[in-house]
Amino acid sequence: MNKYRSVVKLLRKYNQEQVLAFYNTLPKEEKELLLDQVLNIDFEKLISLYNEFQKDVSYTDAVITPLEHVEETKLSSYIKSKYIKKGEEIIENGGLAVITLAGGQGTRLGLSLPKGFFEVETNPKKSLFQIQCETLQMANIKYNTVIHWYIMTSPDNDSITKVYFEDKKYFGYGKENVTFFKQDTLPVLDFNSKLILDKAYKVKEVSNGNGDVFSSLQRYGLIEDMEKKGIKYVFIGGIDNILLKTVDPLFIGLCDIGNCKVASKTITKNENEKDEWVFARRDGKPSIVSSKRITKEMEDKKDENGKYLYKEINILAHLFSIDSLKLCANIDLPYHLAEKKNDYLNDEGVKIMPKSPNTYKYEQFIFDVFPYFDNILLLSVKREREFAPIKSFTGIHTPERALELYLNERRNSIKG
Ligand code: UTP
């Protein structure tokens with residue numbers, strides 16, 4: 001059967017013939033591109049994701065118990081110095097690499113360029129990429145080393161991100177010290193379970209969540225590359241938190257001396273964060289659980305030292321040992337559903353930017369690897385020192401608020 005006929009048959013089977021709406025008008029090469037893309041779509045997977053999320057899958061039967069955490073502010077300087085010394089030793093010996101997750105779409109900010117290009121109104125203005133780069137540069141000076149910087153992009157923003165780094169001369173970081181790798185994508189579905197078109201010859205596919213970092217690292221052979229470089233720990237964080245402490249010897253020392261393979265930083269949730277998922281054990285395993293599973297009584301519960309047991313939330317600041325990365329790369333992570341705004345070609349071939357979410361997006365999240373470890377280290381840090389994310393122009397995570405926190409932190413660290 002020729003390629004076109006196979007594609008028609010496939011689309012008919014899954015009720016997706018709208019994908020060929022402009023086929024007859026396309027030049028030969030674009031026809032080929034579209035046919036090849038369709039043949040590569042895993043329709044069975046998409047259908048099962050769509051059906052799965054029509055049911056409620058919130059682990060309602062699981063037993064939730066507390067997951068212990070260390071509070072940074074409660075550690076004495078004496079204890080701290082022991083861990084910091086160990087962490088510094090690891091950094092100085094080239095044992096740390098940093099991964100920046102920059103494959104997201106940034107739909108809430110509604111930008112046409114990658115989120116990492118977004119400029120914060122510092123004086124002079126700095127992009128999110130530049131801010132992360134400067135944090136690494138300062139650490140390199142302090143520890144007399146060069147921390148290798150891995151950047152995860154998406155098929156959508158990879159080329160433009162690389163051109164941007166070339167243009168900016170890698171902010172002086174050295175091209176040889178930066179490695180880009182691309183994450184995978186999945187098609188989005190509209191609310192009637194239909195594929196939509198990005199271009200007349202292209203089905204809309206978007207990055208499939210930051211949890212794809214593990215299999216993407218493996219696909220690119222980067223875990224082996226890290227091992228060859230003598231890297232022992234990898235810090236993984238988002239692009240949009242301008243107070244992200246990518247190089248933290250205390251965090252590394254605690255993880256190493258505590259013999260943990262995975263660690264995560266947390267903050268204690270506040271009134272604005274009622275719906276945030278919290279760290280806890282689900283059926284005995286370290287997890288992040290929906291706030292719906294936390295009763296009022298659990299929420300108010302404290303341990304004998306006065307620490308809340310169910311209030312620690314994720315700030316996307318994780319540390320993984322190289323061994324644990326290998327394990328994570330082979331985990332078949334579940335998908336989460338998000339309703340997102342995605343532009344599409346309408347029946348007339350006009351690009352439409354919807355004003356409200358119009359598609360189901362399926363995403364894998366890093367935190368779903370936690371249950372594969374018996375123990376993970378949680379370090380609860382001060383939010384004003386380490387958490388200033390930029391998510392949207394309205395709400396609590398705006399560029400203005402993040403800048404205010406960033407400048408405060410700079411002033412305080414100068415004061416000592
Ligand atoms: P967010 O969950 O804030 O998503 O990502 P986002 O795509 O940036 O923005 P919205 O939700 O569409 O507005 C948190 C971090 O994870 C990265 C993002 O780049 C950001 O650093 N991420 C997210 C990926 O690298 N890949 C993804 O598929 C999703």
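Both ligands and their constituent atoms are indexed starting at 1 by order of listing. Worth saying up front: this structure is predicted, and the values here are computed from it rather than measured.
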### Query
Can you tell me which residue and heavy atom of the protein come closest to atom 4 (O) of ligand 1, and the distance to 0.1 Å?
Arg108 NH2, 4.2 Å
### Query
Polar-atom distance check: Gly106 versus ligand 1, any N or O pair below 3.5 Å?
yes
### Task
Please could you name the atoms of ligand 1 that Thr107 approaches to less than 4.0 Å, counting only its heavy atoms?
9 (O), 10 (P), 12 (O), 13 (O)
### Task
Can you label the angle between the Trp149 ring and the Tyr173 ring as parallel, tilted or perpendicular, going by 30° and 60°?
perpendicular
## Note on the structure
atom 26 (N) of ligand 1 sits nearest the protein heavy atom Gln183 OE1, 2.6 Å
### Message
Only heavy atoms of Asn210, strictly under 4.0 Å: list the atoms of ligand 1 that pass.
### Response
16 (O), 22 (N), 24 (C), 26 (N), 27 (C), 28 (O), 29 (C)
### Query
Which protein non-hydrogen atom lies closest to atom 25 (O) of ligand 1, naming both residue and atom, and how far is it?
Gly103 N, 2.9 Å
### Query
Going by distance alone, is a donor N or O of one side chain under 3.5 Å from an acceptor N or O of the other, for Gln37 and Tyr201?
no
### Message
Heavy-atom distances under 4.0 Å decide this one: backbone, side chain, both or neither, for Leu316 against ligand 1?
### Response
side chain
### Query
Going by atom types alone, do His397 and Asp240 pair a side-chain donor with an acceptor below 3.5 Å?
no
### Query
Between Gln105 and Lys115, is any side-chain donor less than 3.5 angstrom from a side-chain acceptor?
no
### Query
Looking just at side-chain N and O atoms, do Arg281 and Asn375 make a donor-acceptor pair shorter than 3.5 Å?
yes
### atom 28 (O) of ligand 1: the protein heavy-atom neighbour that sits closest, reported with distance to 0.1 Å
Gly209 N, 2.8 Å
### Message
With no hydrogens and no angle check, just 3.5 Å: does a side-chain donor-acceptor pair link Ser380 and His69?
### Response
no
### Query
Do Asn208 and Gln183 have a side chain donor and acceptor closer than 3.5 Å?
yes
### Query
Any idea which of Ser216, Gly104, Gly238 brings a heavy atom closest to atom 22 (N) of ligand 1?
Gly104
### Message
Less than 6.0 angstrom separating the ring centers of Tyr164 and Phe117, yes or no?
### Response
yes
### Query
Do Tyr344 and Asn358 meet the criterion of a side-chain donor-acceptor pair at a distance under 3.5 Å?
no
### Message
Give me the residue, atom name and distance of the protein heavy atom closest to atom 8 (O) of ligand 1.
### Response
Lys115 NZ, 3.0 Å
#### Entry: Under 3.5 Å side-chain donor-acceptor pair for Arg219 and Ser216
yes
### Contact partition for Ser207 relative to ligand 1, non-hydrogen atoms under 4.0 Å
both
### Task
Please confirm whether Lys391 comes within less than 3.5 Å of ligand 1 when only nitrogen or oxygen atoms on both sides are compared.
yes
### Query
Going by distance only, is there an N or O of Gln105 that falls short of 3.5 Å from an N or O of ligand 1?
yes
### Task
Identify, by atom number and element, the atoms of ligand 1 in contact range of Glu363, meaning under 4.0 Å from any of its heavy atoms.
29 (C)
### Query
Has ligand 1 got any nitrogen or oxygen that is less than 3.5 angstrom from a nitrogen or oxygen of Met152?
no
### Query
Leu101 to ligand 1: N or O pair under 3.5 Å?
yes
### Query
Looking only at protein heavy atoms, which one is nearest to atom 11 (O) of ligand 1, and how far off is it?
Lys340 NZ, 2.5 Å
